[in-house]
Amino acid sequence: MSLCATASREAAEPLAGTAATARTWLLVEQTGPWGAKALTTSHLDPALGRALEAAAKGTGVRVALIRRPGRHADRHDATRHRLFLAHTAPGRSWIRTTTVADPQTALGLDFAALGAGEHGDLWEPYTGEPLVLVCTNGKRDRCCALLGRPLAADLATAGTEVWEVTHIGGHRFAPTLFVLPYGYAYGRTSLSLAADAVATARNGRIALDHCRGRSTWDRPAQAADLAVRKLLGEDRADVLDVVRTDRLLPQPPPPQDPAPSPGSTPPQAPKPPHDTTSRDTAPHDTVVTGEEAPAWTVTVAHSDGRAWRVTVEQRTDGAPAPASCGAPLDPPARMAVTAVTAVTATADSPALSG
């Protein structure tokens, strides 16, 4: 049986810049089995699932279902649902929680405010251990069940505050792990790596090994953040922030002028524009090949005043692999960091290029 996680691992597909993107997460406890699109194919009222998806659209909030690890009997009698809200922005991370009899109450949330990081003292502050989410939805991809459920069970046995989750992106990196409040995702996760990710989050730090990126940012920014962290050896969660992402515009080819007539003066070539960047608002999940392959410059700032400009390109030069089990073999889109340059005048600011 061919597994997408095996193919991705054998192809040595990079992990950086592959985390799901969301500034804020709404997690709704729902026991029992989940379908491929769990919000509308589980024991949660499908009308509620559709309404939550619609309410969250465009707000920066991502909705997912969670359940405790273990056997999942086909239960319809769950009377209480644990809800979590988690915001992941650097320096403003928080988790709020409540338990409700009817998850319909989630429709009364101000999704726009939550996406912007404003909880308005809603519910109770969560003050426990870091929340760990492991994707286990086998109906969406069998790698998540085959590899994720054993990891979730082992973490629960070890006393970790772990929940199974419907989808956090990247089936082919299973088992996938997500740690709140900071919102860093991990792929190809072993039990020891997961334990290290939890321990570092407990101390306000992150584990860099097998890290996919922080969900707060789009994928070029995730890759840029990790590149600067690895350059500096910086693992403190909230000392780096992405302050700007610019799409690099392709340079147009020079105009083809007709041959000058005898005795005429050849026209002057136009000067290139001074500003070759624009604010990037395009999604980064779509594979774009050839001359139109996108690139970005991402500015990453440190709390001590230093900053770096990181050049990131989307490339499709890796070995073909399926995006999920049963999908065709295609070159995966990856975020390649080609340069990291210090942009503040400090003598000891390191720089990397290549």
field: Any R82 side-chain heavy atom under 4.5 Å of R80 side chain
entry: no

- request: Mark yes or no for whether R50, through its side chain, and D45, through its backbone, hold a donor-acceptor pair below 3.5 Å.
  value: no

query: Side chains of F84 and E29: closer than 4.5 Å at any heavy-atom pair?
result: no

query: A20: what forms a side chain to side chain contact (heavy atoms under 4.5 Å, CB included) with it, not counting sequence neighbours?
result: W25, R62

Which atom pairs, donor and acceptor, lie under 3.5 Å between side-chain atoms of residues 191-201 and protein residues at least two apart or in another chain?
unit_1, atom_1, unit_2, atom_2, d
S192, OG, S190, OG, 3.2
T200, OG1, D196, O, 3.0
T200, OG1, A197, O, 3.0
T200, OG1, A207, N, 3.4

- prompt: Just by modelled atom types, is the A5 backbone N or O under 3.5 Å from a matching donor or acceptor in the S8 side chain?
  reply: no

field: Residue list, side chain to side chain contact (heavy atoms under 4.5 Å, CB included) with T216, at least two apart or on another chain
entry: R23, T88, A89, P90, R214

field: Donor-acceptor pair, side chain of T136 and main chain of R149, under 3.5 angstrom
entry: no

message: Using modelled atom types and a 3.5 Å cut-off, is there a donor and acceptor pairing between side-chain atoms of W94 and backbone atoms of G117?
response: yes

- line: Taken to the nearest 0.5 Å, the spacing of L248 CG from T311 OG1 works out to 6.5 Å

Reported CG-to-CZ distance for the pair L15 and R212, which is rounded to 0.5 angstrom: 7.0 Å

- prompt: Are V162 and I66 joined in one hydrophobic group, where the rule is that I, L, V, M, F, W and Y side chains link up if heavy atoms are under 4.5 Å apart?
  reply: no

Enumerate, atom names and distances included, each donor-acceptor pair closer than 3.5 Å involving a side-chain atom of residues 319-334, sequence neighbours excluded.
unit_1, atom_1, unit_2, atom_2, d
R334, NE, D317, OD1, 2.9
R334, NH2, D317, OD1, 3.0
R334, NH2, D317, OD2, 3.2

query: Of the non-hydrogen atoms in C211 and Y184, which two are nearest, and what is the gap between them?
result: SG-CD2, 3.5 Å

statement: Here the pair of heavy atoms bringing A86 nearest to I95 is CB-CG1, 4.0 Å

message: For a quick test of reading the model, state the closest non-hydrogen atom pair linking Q30 to H81 and the distance between them.
response: OE1-CE1, 3.4 Å

Closest contact, heavy atoms only, L44 versus L39: CD2-O, 3.8 Å

task: Could you name each residue pair satisfying salt bridge (charged side-chain N to carboxylate O under 4.0 Å, His left out) that touches residues 93-117, not counting sequence neighbours?
output: none

field: Donor-acceptor contact below 3.5 Å, side chain T41 vs main chain K37
entry: yes

task: Go through R306 and L232 one step at a time and tell me if the side chain to side chain contact (heavy atoms under 4.5 Å, CB included) criterion holds.
output: CA-CA 11 Å; R306 291 179 292 169; L232 302 178; 4.1 Å; yes

field: Pairs touching residues 171-182 that satisfy side-chain hydrogen bond (donor to acceptor under 3.5 Å, both in side chains), sequence neighbours left out
entry: E13-R172

L27 reachable from I168 in the ILVMFWY side-chain graph, under 4.5 Å edges: yes

- request: Of all the heavy-atom pairs spanning A106 and L52, show the shortest one and how long it is.
  value: CB-CD2, 3.9 Å

- prompt: Is there a donor-acceptor contact under 3.5 Å from the side chain of Q222 to the main chain of A19?
  reply: yes

- request: Measure the OG1-CG distance between T160 and L155 for me, rounded to the nearest 0.5 Å.
  value: 4.5 Å

task: Determine whether W308 and W217 fall in the same hydrophobic cluster, where Ile, Leu, Val, Met, Phe, Trp and Tyr are linked whenever their side-chain heavy atoms lie under 4.5 Å apart.
output: yes

- prompt: So do L109 and L122 actually touch side chain to side chain, heavy atoms under 4.5 Å?
  reply: yes

- prompt: Counting only N and O atoms by type, is there a donor-acceptor contact under 3.5 Å from the side chain of R67 to the main-chain atoms of G32?
  reply: yes

- request: State, without any angle test, whether R219 and T21 hold a side-chain donor-acceptor pair at a distance under 3.5 Å.
  value: no

- prompt: In terms of hydrophobic clustering (I, L, V, M, F, W, Y; side-chain heavy atoms under 4.5 Å; direct or indirect links), are V165 and L146 co-clustered?
  reply: no

query: Taking a hydrophobic cluster as the set of Ile, Leu, Val, Met, Phe, Trp and Tyr residues connected by side-chain heavy atoms closer than 4.5 Å, whether directly or through intermediates, do L131 and Y186 fall within one such cluster?
result: no

- request: State whether W163 and R68 meet the cation-pi test: NZ (Lys) or CZ (Arg) under 6.0 Å from the six-membered ring centroid, and within 45° of the perpendicular axis.
  value: yes

field: Side-chain touch W296/M335, heavy atoms, less than 4.5 angstrom
entry: yes

- prompt: Rounded to the nearest 0.5 Å, what separation is found between the CG atom of D225 and the NZ atom of K230?
  reply: 10.5 Å

- prompt: Should the heavy atoms of other residues, nucleotides or ligands under 6.0 Å from CD of E124 be counted, would the total exceed 12?
  reply: no

message: For N137 versus W34, what's the shortest heavy-atom pair and its separation?
response: OD1-O, 3.7 Å

- prompt: Got a second to check how far C144's SG is from L151's CG, nearest 0.5 Å?
  reply: 11.5 Å

- request: With the side chain counted from C-beta on, respond yes when T24 and L26 share a heavy-atom pair under 4.5 Å apart, and no when they do not.
  value: no

message: Can you tell me how far apart CG (L147) and CZ (R142) are? Round to the nearest 0.5 Å.
response: 11.0 Å

L133 side chain near L180 side chain, heavy-atom distance below 4.5 Å: yes

